[in-house]
Amino acid sequence: MRYHGRMSYCDAIRAGFHYLLANHPEVFAIGQGLWSPWYVGNTMLGLDREFGQDRIIDCPVSELATTGAGVGASLFGYRPIVIHPRMDFMMLASDAMVNQAAKWRHMLGGAASPAVTVRGIINRGGEQGAQHSQALHSWYAHIPGLRVVMPATPVDARDLLIQATLCNDPVLYIDDRWLYDVEGELPEIEERPLGMEGPRVLREGRDVTLVGAGHATQLCLEAAATLAGKGVRAEVVDLRVLNPFDPAPVVASVAKTGRLVAVDGGWRTCGMAGEVVAAVCENLDPRRWRAAPRRLTLPDAPAPTSKPLEAAYYTTSGDVVSAAEEIVAAVPAE
Amino acid sequence: MDIAALIDPARFRAPVSPGNRPGDRLIGWLRRMLLIRAAEEAIGDLVLSGEARCPCHLAIGQEAAAVGVACHLDARDRAFGAHRSHAQYLAMGGDLVALMAEVLGKATGCSRGMGGSMHLYAGEVGFHGSVPIVAGTVPVAVGAALAAKKDGRGAVAVAFFGDGAAEEGGVQESLNLARVMKLPVLFVCENNLYASHMDIRLRQPSERVSRYAEAHDIPARLVDGNDVLAVADAAEELIAMARRGDGPGFLEAITYRWRGHVGPDENVDVGLRRSVTDLEAWKERDPIRRLADALLARGDLDQPGLRALRADAAGLVEAAVAEARRAPYPHASSLLGLVYAEAR
């Protein structure tokens, strides 16, 4: 198994799993469809045959019990990864994640530390509709005690999975099927604590800051490339870790550019884009703004199925380009 | 066992049958039950006086269920509780002073003053957490059993829950998952016939919760939960089965709480079908008196001996409350300092 070099986001996830299973005997995975490529694509292909079906556990249709079981096993030296092939179904496991995993350490005085990792996959588009499309990262990022990571690049797809699994806190790892074909160059694996990670500048620029997480970051990168052709130098900040959220890198970027477009694959109200804008507003000298910040999010509606509605629903990199151009062109009020 | 007889408080009032269990072991169980009773009565007084403000759910009258199971467990095992778990915590050997300190929100509490009565922890004796979300720990216990199975060293997990929890989907999912994966977990339903104010007859088509075990193909035992010997015999059998690798078991202990859902009040005025007559009848099925009478009858104990046991329990509880009162409250730094195990 090759762990580094050029590979897709999908293969990078599989590399992360393979590395964990090969090097950490306390790691196991449990979730629906793990013995079938129908559910998790090729991200776990063949792992059950290589590492055994007692470490790659396909399971009953019981999101709550399997996630709670992951919490329980993590209290006794194991590092379970509970997998929800569609994030929409993960809501049935909310008690195990929100009431149990996120709270135990604090409410039991620090003695019980659930080290469970939950993997929720965003799987949308293709006319799948309201219950097969959701990106609920903002919801979970609201919960103290539950770390939330969202890889946008192949290297993070591999490394954040490894870091999440080896972290002594409960972590929600969210990958996105729209990213599976994105390719990147991966260095050799180096185990680092998850707590060291935070937002990162993926592309430097001085005219406008584009911020995203997961697939939204890829939209920002595409938009930045287009904007460069139009003479606008966009800086792209990838959030990577949504909770605990460290806004400092975003604030530093906007301090430089004076302009912010927060792009998010979730809804607008109480969403991550709003959190980014609020955090920058709180922490940045108001005189640094050269234009009012913008949010690009899903409209506050469930996902539609019909093609033209779906096309109107999702943000494109063209939308990001337009928003950036608008605020770059805006004349600051004196 | 016939459910109709078990839920009739006019039945099963006689002393329990000690069988061939040695007297010193049974005196140990009696001592533990007396300690639980005294501790919970003291907690009730702390609530009445306003000194304890956190919600306290008392298991007075239910002591035999916790002790009859816990006597077969040790520190390698993994028991989990719910909102009404002082008895399970003490039955497992949890520290009495730490319990009282926790109820009073003190830093020396079993959860360092972060949990109160409803969030208890004593991992050092095999009690790995109680939480008040109904059925919240049942899937967690299944995961603890999965870990035990992977370890292969014969440890078992125990999920203590009530009849109300059986109405939660998580219990049904957990029964199925534990059975299909053949996990070493004992599901213990302390069926006290009430969920909060609601009589089980208004919530379920049958009072017999263990019917769910049969639906999941899990061996079940239905016992008089106020007979510590009956509980202990059934628990011993099911725990041995789980330790051998033969999968989960389900123990239903029919019992009754003497106090209301929460706090020291008897709740005879607010509950549906919880009459004074019922409560007085159930007090005649007192698990402590029935064990004590059996030991007196067999000559394992005499009246001065029993008085001494009661005095010991009262003395320990009084000293524990006094020590808990003197303890400091948690430092403000634990508010943020305990959220994550690793640095942010």
Side-chain angles (χ1 to χ4, degrees), chain A residues 25-26 28 30 54-55 57 59-78 80 82 92-93 95-96 98-116 144-147 167-170 193-196 198 241 243-246, chain B residues 78 80 102 107 109-116 118-124 128-133 135-151 155 157 168-178 180-181 183 330 334-344:
Chain A
E26 71 278 21
F28 70 89
I30 182 168
D54 59 337
R55 292 187 73 197
I57 305 169
C59 66
V61 190
S62 300
E63 288 81 5
L64 175 54
T66 52
T67 309
V71 174
S74 79
L75 297 171
F76 297 92
Y78 288 89
V82 184
L92 295 168
D95 178 64
V98 176
N99 283 325
Q100 313 307 336
K103 306 274 192 295
W104 275 46
R105 181 176 162 74
H106 193 263
M107 76 185 182
L108 296 178
S113 269
V116 65
L146 182 64
R147 293 179 187 263
C167 179
N168 290 321
D169 289 307
L194 181 60
M196 289 173 56
V241 179
N243 195 37
F245 175 48
D246 173 17
Chain B
R78 302 96 199 260
F80 295 86
E102 193 57 48
C110 61
S111 300
R112 289 166 66 178
M114 300 298 288
M118 299 195 294
H119 314 94
L120 305 176
Y121 183 86
E124 70 284 358
H128 285 273
S130 67
V131 310
I133 294 286
T137 55
V138 178
V140 177
V142 170
L146 174 57
K149 183 179 181 177
K150 283 178 169 290
D151 290 340
E168 296 280 6
V171 167
Q172 304 301 327
E173 288 188 22
S174 296
L175 292 170
N176 180 64
L177 185 63
V180 80
M181 294 186 75
L183 301 178
S334 50
L335 197 58
L336 288 174
L338 287 169
V339 180
Y340 296 99
E342 294 191 6
R344 301 188 197 197

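Chain A is the first sequence line, chain B the second, and so forth, proteins listed ahead of strands; every chain is numbered from 1.
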Do you know which of [options] has the most heavy-atom pairs under 4.5 Å to chain B?
options	value
A/N168, A/L108, A/I57	A/L108
A/P244, A/G77, A/A102, A/G70	A/P244
A/P60, A/C59, A/G110, A/A115	A/P60
A/G195, A/P80, A/A112	A/G195
A/A101, A/A96, A/S113, A/C167	A/C167
A/E26, A/Q100, A/R105, A/E63	A/R105

Using non-hydrogen atoms and a 4.5 Å limit, figure out which bit of A/S74 sits close to chain B: side chain, backbone, both or neither.
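Contact with chain B is absent: no heavy atom of A/S74 under 4.5 Å.
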Looking at every heavy atom in both [X] and [Y], which two are closest together, and how far apart are they?
X	Y	value
B/G170	A/L64	CA-CD2, 3.6 Å
B/S111	A/M107	CB-O, 3.8 Å
B/E342	A/P193	OE1-CB, 4.3 Å

Flag the pair [X] / [Y] as yes when at least one side-chain heavy-atom distance between them is below 4.5 Å, and no otherwise.
X	Y	answer
A/K103	B/H119	no
A/N99	B/V131	no
A/W104	B/V140	yes

What residue in B/M118, B/M181, B/R78, B/R112 has the most heavy-atom pairs under 4.5 Å with chain A?
B/R78
Students often mix this up, so state it plainly: with edges at 30° and 60°, are the rings of B/H128 and A/F76 parallel, tilted or perpendicular?
perpendicular
